[in-house]
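See structure below.
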Amino acid sequence: MFICSDMENVKVLSRIIGGLFYYHPSQYETVGINAVLRLDNTGFSQFDKTTAAISATDPHTLSVWHDELFTGIGEMKAPPWGSVYLDKEAVVFGDSTLHYRQFLLQCGIEFEAKHNEPEDQFGLMLMVIASLIEDKKFDAVAELLSVHLLPWAPHYLALFQQAAPVGAYRELADLGQSFITAVAQQFNAIAAPHKIYFNA
């Protein structure tokens, strides 16, 4: 198994892996990711493989890759927002984003939007899972997975894996896929029936 049944592990990994999908490498020190990258042998082999690849990558190169993969500099081959895959028009801030925003409000979570970014960014959603686990809202975690994340995330991660250069971010794509599969099993979550367009 990729992950043990300890909810503390799920929470911590959700926060860290989510951060790796969300934060720019220049922010790693500020948000505490650099401290995690310095850890050895956590017991999760794909996690260790990913953090080793990130640590071994030149910071400038990592920043360039991040900008290409997450901020839309050049052609964006794997947009990280759910509505791009779930909405017929393949737009950010689509209906699925609004439904997810309503779910967050029901859970008592409200984002201060930075750069007018939608809340259904893959890394942000993993970090929300960590917050929900911390608040012991396990039913909400299962709903987030089934309704808001699993219908599109495997497709996104497959595109991300293809788009990422060999190295750190390709390892991160594999880690993300392994992690959401394990967490879905942990919460007995399967993708709820949803009209999926997969426009990207």
Side chain of [X], backbone of [Y]: donor and acceptor closer than 3.5 Å?
| X | Y | answer |
| --- | --- | --- |
| Asp6 | Glu8 | yes |
| Thr50 | Glu171 | yes |
| Glu119 | Glu110 | no |
| Asn34 | Tyr28 | no |
| Ser146 | Glu143 | no |
| His148 | His99 | no |

- Starting from the C-alpha separation in whole Å, work towards a yes-or-no answer on side-chain contact (heavy atoms from CB on, under 4.5 Å) for Phe187 and Ile129. CA-CA 11 Å; Phe187 284 90; Ile129 289 174; 5.6 Å; no

- Message: Within a 6.0 Å radius of atom CG on Leu39, are there more than 12 heavy atoms belonging to other residues, nucleotides or ligands?
- Response: yes

- In this structure, are over 12 heavy atoms from other groups packed under 6.0 Å from Asp58 atom CG? yes

What is the distance from atom [atom1] of [X] to atom [atom2] of [Y], rounded to the nearest 0.5 Å?
| X | Y | atom1 | atom2 | value |
| --- | --- | --- | --- | --- |
| Leu132 | Cys107 | CG | SG | 5.0 Å |
| Asn9 | Met7 | CG | CE | 10.0 Å |
| Ile17 | Met127 | CD1 | CE | 11.5 Å |
| Leu175 | Leu13 | CG | CG | 8.0 Å |
| Ser26 | Leu62 | OG | CG | 10.0 Å |
| Arg101 | Phe103 | CZ | CZ | 14.5 Å |

Note, [X] side chain near [Y] side chain (heavy atom, < 4.5 Å):
| X | Y | answer |
| --- | --- | --- |
| Glu68 | Lys77 | no |
| Phe179 | Gln177 | no |
| Pro80 | Tyr156 | yes |
| Thr61 | Val64 | no |

Shared hydrophobic cluster for [X] and [Y] (ILVMFWY, side-chain gaps under 4.5 Å):
| X | Y | answer |
| --- | --- | --- |
| Phe93 | Leu98 | no |
| Val91 | Met125 | no |
| Leu124 | Trp152 | yes |
| Tyr23 | Ile54 | yes |
| Ile190 | Tyr100 | no |

Ignoring hydrogens, what is the shortest heavy-atom contact between [X] and [Y]? Give both atom names and the distance.
| X | Y | result |
| --- | --- | --- |
| Arg170 | Pro165 | CB-O, 3.6 Å |
| Asp120 | Ser96 | OD2-OG, 4.4 Å |
| Pro154 | Leu149 | CD-O, 4.4 Å |
| Leu86 | Pro151 | CD2-CB, 4.0 Å |
| Phe21 | Gln121 | O-NE2, 3.0 Å |
| Ala130 | Arg15 | CB-NH2, 3.7 Å |

- Task: Go through the steps to decide whether Asp174 and Gln161 satisfy the test side-chain contact (heavy atoms from CB on, under 4.5 Å), and finish with yes or no.
- Result: CA-CA 7 Å; Asp174 291 341; Gln161 205 270 349; 3.7 Å; yes

- Kindly indicate, with the supporting measurements, whether the criterion side-chain contact (heavy atoms from CB on, under 4.5 Å) is fulfilled by His155 and Leu159. CA-CA 6 Å; His155 182 66; Leu159 292 177; 3.7 Å; yes

- How about Phe122 and Phe160: are their ring centroids closer than 6.0 Å? no

- Task: With side-chain contact (heavy atoms from CB on, under 4.5 Å) as the test, would you mind laying out the steps for His24 and Asp67 before giving the verdict?
- Result: CA-CA 8 Å; His24 190 275; Asp67 291 344; 3.3 Å; yes

- Item | Given Tyr169, Trp65, Tyr22, the one that forms side-chain contact (heavy atoms from CB on, under 4.5 Å) with Phe70 | Tyr169

